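All of these numbers come straight from a predicted model, not from anything done at the bench.
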Amino acid sequence: MEKTIRNQRIIIIMLTVLLICNFFALSNLDSKLDNLNNNLSNSIQQVRSNVSTILSEIYSINETKKQEASLITSFDYEYGELDTSKFTVPVKVKLVPKTVGDDTAFKLEFGGETVSLKKNGDSTEFTAELERGVFADKGDVPVRLVVNSDGKTQTEELEWNLGGLYWDYLPNSNASYVFDDITWSEKSGIIVDGTVVTFLDDEEQDNFKNAKIIYKVNGKVLAEEETGDDEHIQIYKTFPGYGEGDILELYFEAEDKFGFIHETLLKRITLGQEGTVTEETEEVDENNFVIRDKEGNVLIG
């Protein structure tokens, strides 16, 4: 009996020692893992720093190469005030070329137009002044420099875009159709249930009037609904007698302070089979609007 108790005590002591050893071993392992994590984190940070440095150096090298290959030392342009009688904007351009010969000629080409630059007195600058209509172009209009010297022609694309001046010089209407539920059935026809939200700040709100929502089916206006100054417009309309293959379009329209009509396509859907709806336009972008004059002529779109 005493021998058994003694053996049990020995086993307990051995297990206790083993547990203590395991505790210290695990503590040491945890410390090593922490060190490894710290080292790994430091290494990752160092790699990121190195990559950032390399990218910065590559950018600097590319910029240096671009400047070395450029035909000009400097280039600048400045827009003036909107002429509301013609809806044009004066533009002043100046550049300093790297080399100029006796017969060197400089001109700008953009959107099918050409403008010559003239030497500005005794300075090294060449300048030009032009007028650009705010409705001249909707998309990008890159500008290219053309240099003719000694019977040779060189060109360079400038970091300048002349398109879309209406964005900067006309009030901007912005609206979106949200929280929508557009359904149809053979019994009720099309049901439009949702909210139109206009994103106009106080200044822009004052620049617009006659705001309304327009409902079209197959290109025909079926209803118009004035919105006033409301920013959140709850709408509910039904159009019976329509079904599969018919196209519903929802527009927001407003007249700006100059009398131009801004029309934004909010939604276009096609009625599918058995009451299903196929959405063709889910988001409003720069291609989903038109600007018209009072006579209905499309200026942008």
Lys209/Glu226 salt bridge by N-O under 4.0 Å criterion: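 No, this pair does not count.
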
- prompt: Which pairs count as ring-ring contact (aromatic ring centres under 6.0 Å, His included) when at least one residue sits in residues 138-157, sequence neighbours excluded?
  reply: none

Let me check something: do [X] and [Y] share a hydrophobic cluster, defined by ILVMFWY side-chain heavy atoms less than 4.5 Å apart, either directly or through other members?
X      : Y      : answer
Trp167 : Leu170 : yes
Val192 : Val217 : yes
Ile261 : Leu266 : no
Ile269 : Leu222 : yes
Val290 : Phe252 : no

Out of curiosity, [X] [atom1] to [Y] [atom2], how far, rounded to the nearest 0.5 Å?
X      : Y      : atom1 : atom2 : result
Glu263 : Ile214 : CD    : CD1   : 5.0 Å
Thr183 : Asp193 : OG1   : CG    : 8.0 Å
Glu157 : Glu109 : CD    : CD    : 9.5 Å
Glu113 : Leu162 : CD    : CG    : 8.5 Å
Ile191 : Phe239 : CD1   : CZ    : 11.0 Å
Arg144 : Thr155 : CZ    : OG1   : 5.0 Å

Indicate yes or no: at least one non-hydrogen side-chain atom of [X] is less than 4.5 angstrom from one of [Y].
X      : Y      : value
Ile72  : Leu158 : yes
Phe289 : Ile300 : yes
Pro90  : Glu129 : no
Phe110 : Pro142 : no

Quick one: closest heavy-atom pair of [X] and [Y], and the distance?
X      : Y      : value
Asp103 : Ser149 : OD1-OG, 3.8 Å
Leu117 : Leu95  : CD2-CD2, 3.8 Å
Val134 : Leu165 : CA-CB, 4.0 Å
Ser116 : Ala128 : O-CB, 3.6 Å

field: Residue pair Asp140, Asn161: steps toward the side chain to side chain donor-acceptor pair (under 3.5 Å) verdict
entry: CA-CA 6 Å; Asp140 293 341; Asn161 192 322; 3.1 Å; yes

task: Scan for side-chain hydrogen bond (donor to acceptor under 3.5 Å, both in side chains) pairs involving residues 73-82, sequence neighbours excluded, and state none if there are none.
output: Tyr79-Trp160

task: Would you please name every residue forming a ring pair (Phe, Tyr, Trp, His ring centres under 6.0 Å) with Tyr242, sequence neighbours left out?
output: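 Counting only residues at least two positions away or on another chain, Tyr242 forms no ring pair (Phe, Tyr, Trp, His ring centres under 6.0 Å).
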
field: Results of ring pair (Phe, Tyr, Trp, His ring centres under 6.0 Å) for Phe135 - residues two or more places apart only
entry: Phe260

message: Could you go through Thr227 and Val196, starting from their C-alpha distance and side-chain angles, then the distance that decides it, and tell me whether this counts as side-chain contact (heavy atoms from CB on, under 4.5 Å)?
response: CA-CA 9 Å; Thr227 66; Val196 173; over 6 Å; no

message: If the condition is side chain to side chain donor-acceptor pair (under 3.5 Å), which residues does Ser85 pass it with, not counting sequence neighbours?
response: Asp83

- request: Please lay out, stage by stage, how Asp168 and Val89 fare under the test side-chain contact (heavy atoms from CB on, under 4.5 Å).
  value: CA-CA 11 Å; Asp168 299 316; Val89 177; over 6 Å; no

Are the side chain of [X] and the backbone of [Y] linked by a donor-acceptor contact shorter than 3.5 Å?
X      : Y      : answer
Asn218 : Ile247 : yes
Asp293 : Gly296 : yes
Asp256 : Phe258 : yes
Asp137 : Gly139 : no

message: Under the salt bridge (charged side-chain N to carboxylate O under 4.0 Å, His left out) definition, can you give me all pairs with a residue in residues 235-249, not counting sequence neighbours?
response: Glu249-Arg268

query: Going through the checks in order, is the salt bridge (Lys or Arg N to Asp or Glu O under 4.0 Å) test met by Arg292 and Glu253?
result: CA-CA 11 Å; Arg292 303 190 305 271; Glu253 182 182 283; 3.2 Å; yes

query: Would the number of heavy atoms belonging to other residues, nucleotides or ligands and lying under 6.0 Å from CD of Glu186 be above 12?
result: no

message: Looking at Lys119, I'd like to know if its NZ atom is crowded, meaning that more than 12 non-hydrogen atoms belonging to other residues, nucleotides or ligands lie closer than 6.0 Å.
response: yes

Evaluation steps, side-chain contact (heavy atoms from CB on, under 4.5 Å), between Leu250 and Ile213: CA-CA 7 Å; Leu250 189 65; Ile213 299 169; 3.5 Å; yes

Ring-face cation contact, Tyr251 with Lys216, 6.0 Å cut, 45° max: yes

message: Is the distance from the ring center of Phe208 to that of His262 below 6.0 Å?
response: yes

message: So that I know where these two stand, are Phe87 and Tyr169 an aromatic pair - ring centroids less than 6.0 Å apart?
response: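 Here the rings of Tyr169 and Phe87 have centres that are no less than 6.0 Å from each other.
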
query: Under 3.5 Å, is there a donor-acceptor pair linking the side chains of Thr153 and Asn148?
result: yes

message: Let's go through Trp184 and Leu248 carefully: what are the C-alpha distance in whole Å and the side-chain angles of both, what is the deciding distance for side-chain contact (heavy atoms from CB on, under 4.5 Å) to 0.1 Å, and is it a yes or a no?
response: CA-CA 11 Å; Trp184 79 275; Leu248 168 72; over 6 Å; no

